[in-house]
Amino acid sequence: MIDIKFNKRLLVVWLVLASLTLAYLWIDHSLAGTPRASAVITSSVIVIALVKVRIIFREFMEVRQAPALLCRLTDAWVVLMAVALLGCYFIGRTA
Amino acid sequence: MTDLVDKSKPARFVPGQPDMWAFVLFETLVFTAYFGFYLFYRARSPELFLHSQAQLDLRIGVFNTLVLLLSSWSVARCVQSSRAGAYRAALRDVFITAAFAAVFLLLKVFEWARLVRMGNGLDSNDFFTYYFFLTGIHFVHLLIGFVVLGVVVYQLRSPARREQELQENIETCATYWHTVDFLWVLIFALLYVVR
């Protein structure tokens, strides 16, 4: 039976992703239970989620070791999502 | 001399089949469109969305996200184990992944039941239409993920496996699994946390 070394990098990646997830609890706590619309909170939450998506692309999905085309394509997709999500939100606010 | 390999720079490769990447990018675009509509309507009627969102339990959402991230980590380990030829370890990682996914699904059903008992349904209001639609479609993706994990188990157990093909298939399946994970990361942020 072949045994492989424990990959610490993947553990660190998970810890970072988990910390970013737990940051949402802190954001929610800082609002102290008052439900109020906030563009700052919404934008921050979307940016944090997209940072997590990029980390999943790069580390878990091994895009980090992929040809430059796939790296650029996935990065472009993250930017596209950011523009689309924030754009729709802010257009909805002014409509 | 042509077969000299620079050990400091590992060869770059596309993980899995390129077709799966085309699917991932297409699927992401489709979900981005759903999210765009949701955020547009949310920004137009913030009071309704805030009031309905207050009925969700953020702690369940956070827990489920951590569980799904654990499953992704496990699949990533499976890919690496299989690449190193440690097929038994890879098989173990697939079963761990399936166990985390099962926890996610059970909690999701529990959460749906709780919300329905509170009187919410697909046609209650705009927020819950999006909530049940997005979580429902994600649930279906995760169920397909179980079939995908089954393919990985079959491949790892097949005595007639050809290593190159086996590794490519496992990477393809893992790419699908991570996509289901990052789509949840976005769904969770948009339904539970944005204001």
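Chain letters run A, B, ... following the sequence lines, proteins first and then strands; every chain starts at 1.
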Spell out, yes or no, whether [X] and [Y] are grouped together once hydrophobic residues are joined by side-chain heavy atoms under 4.5 Å, including indirect joins.
{"X": "B:Val30", "Y": "B:Ile144", "value": "yes"}
{"X": "B:Ile96", "Y": "A:Leu15", "value": "yes"}
{"X": "A:Val12", "Y": "A:Phe6", "value": "yes"}
{"X": "A:Leu85", "Y": "A:Phe90", "value": "yes"}
{"X": "A:Trp26", "Y": "A:Val45", "value": "yes"}

Among [options], which has the most heavy-atom pairs under 4.5 Å with chain A?
{"options": "B:Thr179, B:Val75, B:Leu29, B:Val24", "value": "B:Leu29"}
{"options": "B:Gly36, B:Ser45, B:Pro46", "value": "B:Gly36"}
{"options": "B:Trp73, B:Phe35, B:Phe13, B:Tyr192", "value": "B:Trp73"}
{"options": "B:Leu190, B:Leu70, B:Thr175", "value": "B:Leu70"}
{"options": "B:Ala174, B:Ala43, B:Ser72", "value": "B:Ala43"}

Determine whether more than 12 heavy atoms belonging to other residues, nucleotides or ligands lie under 6.0 Å from atom [atom1] of [X].
{"X": "B:Tyr154", "atom1": "OH", "result": "no"}
{"X": "B:Phe40", "atom1": "CZ", "result": "yes"}
{"X": "B:Tyr41", "atom1": "OH", "result": "no"}
{"X": "B:Phe26", "atom1": "CZ", "result": "no"}
{"X": "B:Arg114", "atom1": "CZ", "result": "yes"}

Heavy-atom pairs under 4.5 Å with chain B are the metric here; pick the option from [options] that has the most.
{"options": "A:Leu86, A:Leu10, A:Thr21", "answer": "A:Leu10"}
{"options": "A:Thr94, A:Val13, A:Leu25", "answer": "A:Leu25"}
{"options": "A:Ile41, A:Val53, A:Leu20", "answer": "A:Val53"}

Nearest heavy-atom pair of [X] and [Y]: which atoms, and what distance?
{"X": "B:Thr32", "Y": "A:Ala84", "result": "CG2-CB, 3.7 Å"}
{"X": "B:Leu69", "Y": "A:Phe60", "result": "O-CE1, 4.0 Å"}
{"X": "B:Val194", "Y": "A:Ile46", "result": "CG1-CG1, 4.3 Å"}
{"X": "A:Gly92", "Y": "B:Arg44", "result": "O-CG, 3.4 Å"}
{"X": "B:Leu50", "Y": "A:Ala37", "result": "CD1-N, 3.3 Å"}
{"X": "A:Tyr24", "Y": "B:Ala189", "result": "OH-CB, 3.6 Å"}

Where does [X] contact chain A at under 4.5 Å (heavy atoms): side chain, backbone, both or neither?
{"X": "B:Trp21", "result": "side chain"}
{"X": "B:Val79", "result": "side chain"}
{"X": "B:Phe188", "result": "side chain"}
{"X": "B:Leu183", "result": "neither"}

Donor-acceptor pair, distance only, cut-off 3.5 Å: does the side chain of [X] make one with the backbone of [Y]?
{"X": "A:Trp77", "Y": "B:Leu25", "value": "yes"}
{"X": "A:Thr42", "Y": "B:Arg195", "value": "yes"}
{"X": "B:Arg12", "Y": "A:Arg64", "value": "yes"}

Can you tell if the side chain of B:Thr28 reaches within under 4.5 Å of the side chain of A:Met81, non-hydrogen atoms only?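 A side-chain contact exists here, since the closest heavy-atom pair is under 4.5 Å.
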
Check whether [X] gets within reach of chain B through its side chain, its backbone, both or neither, counting any heavy atom under 4.5 Å.
{"X": "A:Leu70", "result": "side chain"}
{"X": "A:Phe57", "result": "side chain"}
{"X": "A:Leu11", "result": "both"}
{"X": "A:Ile56", "result": "side chain"}

Give the C-alpha distance, both sets of side-chain angles, the deciding distance and a yes or no for salt bridge (Lys or Arg N to Asp or Glu O under 4.0 Å) between A:Arg36 and B:Glu47. CA-CA 8 Å; A:Arg36 199 160 49 86; B:Glu47 293 305 319; over 6 Å; no

Drop me the distance from [X]'s [atom1] to [Y]'s [atom2], to the nearest 0.5 angstrom.
{"X": "B:Met20", "Y": "A:Met61", "atom1": "CE", "atom2": "CE", "value": "9.0 Å"}
{"X": "B:Asp181", "Y": "A:Lys52", "atom1": "CG", "atom2": "NZ", "value": "9.0 Å"}
{"X": "A:Arg9", "Y": "B:Gln80", "atom1": "CZ", "atom2": "CD", "value": "10.0 Å"}
{"X": "A:Leu17", "Y": "B:Leu66", "atom1": "CG", "atom2": "CG", "value": "10.0 Å"}
{"X": "A:Leu50", "Y": "B:Leu186", "atom1": "CG", "atom2": "CG", "value": "6.0 Å"}

